[in-house]
Amino acid sequence: MASAARGQWSGKMGFILAAAGSAIGLGNIWRFPYTAGENGGGAFVLIYLFFVFAIGVPVVLSELAIGRKTERNPVGAFAVLAPGTRWRWLGGLGILTGFVILSFYAVIAGWTLSYLWGAVTGALNGVTTAEQSGVVFGALIGNPGLMVFLAGTFLAITAMIVRGGISGGIEKATTILMPILLVMLIGMAIRSMTLPGGAEGLAYIFSADFSKITVGVVAAALGQALFSLSLGMGAMITYGSYMPEGENIHQAGIIVAIFDTTIALLAGLIIFPALFSAGVAPTAGPGLVFVVLPTVFAQIPAGQIFAIAFYALLAIAALTSTISLLEVVVSYFVDEKGWSRTKAVTVLGTACFALAVPSALSQTEGSFFYSLPGLGIDFLSLQNIIWGNYSLSIGALMVCVFAGWKWGIPAVITALESSGHRLPASSAFGFLVKFVCPVAVAGILVYVIVTQQYF
Ligand code: TRP
């Protein structure tokens with residue numbers, strides 16, 4: 001059987017952990033806090049939560065259904081369900097999007113390696129204030145060669161695991177580590193919330209000031225919800241395609257969404273109290289988390305050991321996400337172009353590294369990519385916005401249009417219930433997929449463009 005040759009998860013738990021591994025990553029711990037900080041805090045968080053459940057969950061289920069039914073990569077899946085149409089281009093957009101996201105994601109993942117190294121060698125030990133932490137971070141982003149090297153290292157590790165195939169490589173890495181990460185985050189959140197001045201941070205992140213809401217904030221919240229759940233580029237189509245028959249796929253999808261959101265909120269509970277306590281501005285941008293965290297470890301007994309464990313887990317969480325990004329791209333070239341896994345991993349990994357270089361160079365003040373002519377932002381942030389916000393939003397919009405209007409809700413529900421488990425609230429699900437998601441996402445995109453509030 002084709003599915004056996006492609007590989008499968010060992011069961012529902014294997015799927016949940018692998019999909020949670022894809023969803024949980026730098027999106028929760030790096031991107032969520034700094035994006036919330038740049039977009040005014042509490043109101044952003046509320047809108048984000050709303051989008052996770054009103055748009056994210058319906059899209060998760062739609063993508064899983066498509067993968068489950070077709071057992072194909074995103075391009076192949078649309079080609080099977082809508083033969084001879086241009087729908088397969090939607091799969092193609094997803095594969096391109098995953099490829100570019102991987103290129104800049106690997107740069108930030110490289111930062112986690114640098115901090116892990118700093119924790120292991122004790123170089124982070126003397127860092128107690130935000131100023132000192134800023135100096136450490138400055139030394140990293142002032143060293144473009146190091147960042148290129150770290151991104152390359154991260155991509156190489158990712159490529160090695162993806163080469164190992166589905167349950168052998170991906171599943172094993174996740175099964176033990178995600179629960180440990182959760183426990184550590186809870187411990188850190190408790191420490192952070194009890195820091196002097198921490199309450200101010202909680203107020204910032206959990207009390208909504210609705211006057212701060214602009215279209216830009218709403219669009220950023222949508223992008224964050226999709227990015228964090230790994231939606232809009234076919235990752236869940238691909239992962240759903242490896243789901244063994246007979247497993248309750250919709251329940252698994254919902255568990256993943258809840259798990260992912262919990263981790264993001266925990267990251268908020270760690271970062272915001274600590275940030276106010278240390279006197280860092282919430283709008284500090286992509287470096288925010290990296291500057292704030294060392295100040296938390298400095299105030300934890302045996303902070304160095306804690307820091308080593310934390311950065312190791314963060315690197316692993318990032319790794320299970322880069323694996324899913326590369327896996328989608330690789331599975332397309334393996335299934336549709338007949339490449340061997342090894343060839344696909346080598347060629348695509350190398351190409352992705354080439355694209356990672358300008359992102360790695362873009363964080364160093366004075367570099368060409370630090371402030372792009374005419375745009376005034378750096379290359380990495382630009383990629384993050386175009387592919388991480390816009391392309392994922394367009395992808396999610398089109399998945400809903402496909403599932404709701406082309407393939408049809410009854411077929412989606414049949415695929416989701418193929419294991420024999422009934423989908424609860426299936427008429428609400430159909431309504432969200434057919435009407436709410438497409439109208440909301442299209443409305444946001446149009447409004448953002450018309451009012452030129454691009455972020
Ligand atoms: N969701 C991951 C994170 O939060 C990143 C990621 C992995 C992703 N696969 C994806 C984002 C596919 C968008 C699409 O870190």
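Both ligands and their constituent atoms are indexed starting at 1 by order of listing. Nothing fancy with the numbering, it's 1 onward along the sequence. Computation of the quantities below employed the complete heavy-atom set of this structure, encompassing side-chain atoms and omitting hydrogens, waters and symmetry-equivalent molecules.
Thr322 is not listed as a side-chain neighbour of Leu155, based on a closest heavy-atom distance of 4.5 Å or more. Taking 4.5 Å as the limit, some side-chain heavy atom of Ile385 sits within range of a side-chain heavy atom of Tyr390.
Smallest separation of non-hydrogen atoms from Glu336 and Asn73: OE2-ND2, 2.9 Å.
With hydrogens left out, the protein atom closest to atom 5 (C) of ligand 1 is Tyr105 CE1, 3.7 Å, a heavy atom. For atom 11 (C) of ligand 1, the closest non-hydrogen atom on the protein side is Phe227 O, 3.2 Å. Among all non-hydrogen protein atoms, the one lying nearest atom 4 (O) of ligand 1 is Ala23 O, 2.8 Å.
Each of the atoms 7 (C), 8 (C), 9 (N), 10 (C), 12 (C) of ligand 1 lies under 4.0 Å from some heavy atom of Leu325. For ligand 1, the atoms sitting less than 4.0 Å from at least one non-hydrogen atom of Met233 are 12 (C), 14 (C), numbered in the order shown with element in parentheses. Near Ser324, meaning under 4.0 Å from one of its heavy atoms, ligand 1 places the atoms 7 (C), 9 (N). For ligand 1, the atoms sitting less than 4.0 Å from at least one non-hydrogen atom of Asn28 are 4 (O), numbered in the order shown with element in parentheses.
Within the structure, ligand 1 lacks Trp30 among the residues with a heavy atom less than 4.0 angstrom away. Heavy-atom separations between Gly98 and ligand 1 are all 4.0 Å or longer.
Proximity annotation for atom 2 (C) of ligand 1: of Ser22, Ser228, Gly25, Gly27, Ser22 comes nearest, heavy atoms only.
The distance criterion of under 3.5 Å between nitrogen or oxygen atoms is met by Leu26 with respect to ligand 1. Between Leu231 and ligand 1, not a single N/O pair is under 3.5 Å apart. By the 3.5 Å distance cut-off applied to N or O atoms, Ile24 is not counted among the residues near ligand 1.
Taking the six-membered ring where tryptophan is involved, the planes of Phe379 and Phe369 are perpendicular, since the angle between them exceeds 60° and thus also 30°. Taking the six-membered ring for Trp and thresholds of 30 and 60 degrees, Tyr115 and Phe290 have ring planes inclined between 30 and 60 degrees apart. Taking the six-membered ring for Trp and thresholds of 30 and 60 degrees, Tyr48 and Phe44 have nearly parallel ring planes, at less than 30 degrees apart.
The 12-atom threshold is not exceeded at CZ of Phe50, counting heavy atoms of other residues, nucleotides or ligands nearer than 6.0 Å. By the 6.0 Å contact criterion, CD1 on Ile305 is open, its count of non-hydrogen atoms from other residues, nucleotides or ligands being 12 or less. By the 6.0 Å contact criterion, CZ on Phe149 is open, its count of non-hydrogen atoms from other residues, nucleotides or ligands being 12 or less.
In Ser230, the parts holding a heavy atom less than 4.0 Å from any atom of ligand 1 are both the side chain and the backbone.
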